[in-house]
> 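Structure below; questions to follow.
Each ligand, and each atom within it, is numbered from 1 in the order the structure gives.
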Amino acid sequence: MNKLNLRTNKKNEIIDITEDIRRLTESSGIKNGICTVFCPHTTGAITINEAYDSSVKTDLMFSLDKISPVYKEFRHAEGNSDAHVKSSLIGLSLNLIINKEKLIIGQWQGIFFVEFDGPRNREVYVKFISE
Ligand code: ZN
């Protein structure tokens, strides 16, 4: 079992984990198969989006704050329901294709861990399935 340990720094943050996933893939020995990336947290998420222009990350967070603001009607006592909603909107796992020992990912894409309630210690699990 492979696991990344991340330390996030603020409430809303996007951390590029593409090179970590690529490194684990290339050291896994898998020639062809699937790489599953899973976030075991209810106020974090995993997604793929543009990594080339970092303003895309900023705009993504801006839009998610508009989609899921903090409502006074929220009942969850921890006070972070906006973060729980964003986590469910984005999702917690990815299935990526490994072809000829390489991760298939688009030229402009990056794999992101998304923090909605930091700073926190976070984990990302990575599992490989061989074809
Ligand atoms: Zn909560």
Side-chain angles (χ1 to χ4, degrees):
M1 179 69 71
N2 299 286
K3 185 174 73 168
L4 302 177
N5 294 297
L6 306 173
R7 176 67 190 173
T8 62
N9 298 304
K10 54 188 179 180
K11 176 175 171 58
N12 288 332
E13 185 176 7
I14 296 179
I15 298 174
D16 191 331
I17 58 171
T18 310
E19 289 313 311
D20 296 299
I21 303 301
R22 201 189 309 272
R23 174 180 47 80
L24 288 171
T25 300
E26 291 176 4
S27 63
S28 71
I30 304 285
K31 288 186 171 33
N32 298 294
I34 298 292
C35 169
T36 293
V37 182
F38 176 70
C39 164
H41 304 289
T42 59
T43 56
I46 297 284
T47 192
I48 291 178
N49 214 307
E50 179 172 331
Y52 181 73
D53 178 359
S54 65
S55 63
V56 171
K57 292 192 282 190
T58 306
D59 292 349
L60 180 61
M61 255 332 161
F62 173 83
S63 293
L64 288 169
D65 276 338
K66 297 290 184 192
I67 292 166
S68 178
V70 177
Y71 290 107
K72 66 180 186 328
E73 292 86 355
F74 279 154
R75 300 175 63 138
H76 176 49
E78 195 183 9
N80 60 353
S81 282
D82 62 311
H84 289 292
V85 171
K86 291 170 191 165
S87 173
S88 280
L89 287 172
I90 298 299
L92 295 168
S93 68
L94 298 171
N95 286 318
L96 304 165
I97 298 168
I98 304 166
N99 184 57
K100 297 178 181 172
E101 302 178 18
K102 300 285 184 196
L103 203 60
I104 293 184
I105 187 165
Q107 179 182 2
W108 308 113
Q109 289 181 324
I111 304 165
F112 300 145
F113 175 83
V114 191
E115 175 63 79
F116 296 118
D117 196 30
R120 289 178 186 260
N121 293 317
R122 299 299 202 178
E123 298 173 337
V124 175
Y125 287 87
V126 183
K127 184 78 175 177
F128 298 98
I129 303 164
S130 183
E131 187 175 273

> Before accepting this row, confirm whether a basic side-chain N of the pair Glu19/Arg22 lies closer than 4.0 Å to the acidic partner's carboxylate O.
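Judged by the 4.0 Å cut-off on N to carboxylate O distance, Glu19 and Arg22 do form a salt bridge.
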
> Locate the shortest heavy-atom distance separating Lys100 from Asn32; write the atom from each residue and the value.
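Closest approach of Lys100 to Asn32: N-OD1, 2.9 Å.
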
> Output yes if Thr42 passes the N/O/S-under-2.8 Å test against the Zn ion (ligand 1); output no otherwise.
no

> Report the atom name of the nearest N/O/S atom of Glu78 relative to the Zn ion (ligand 1).
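For Glu78, the N, O or S atom at the smallest distance from the Zn ion (ligand 1) is OE1.
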
> Would you call Ile98 and Phe128 a side-chain contact if the rule is heavy atoms closer than 4.5 Å?
yes

> Where do Thr43 and Glu115 come nearest, in terms of heavy atoms and distance?
O-OE2, 3.7 Å

> By atom name, which N, O or S atom of His84 is the nearest to the Zn ion (ligand 1)?
NE2

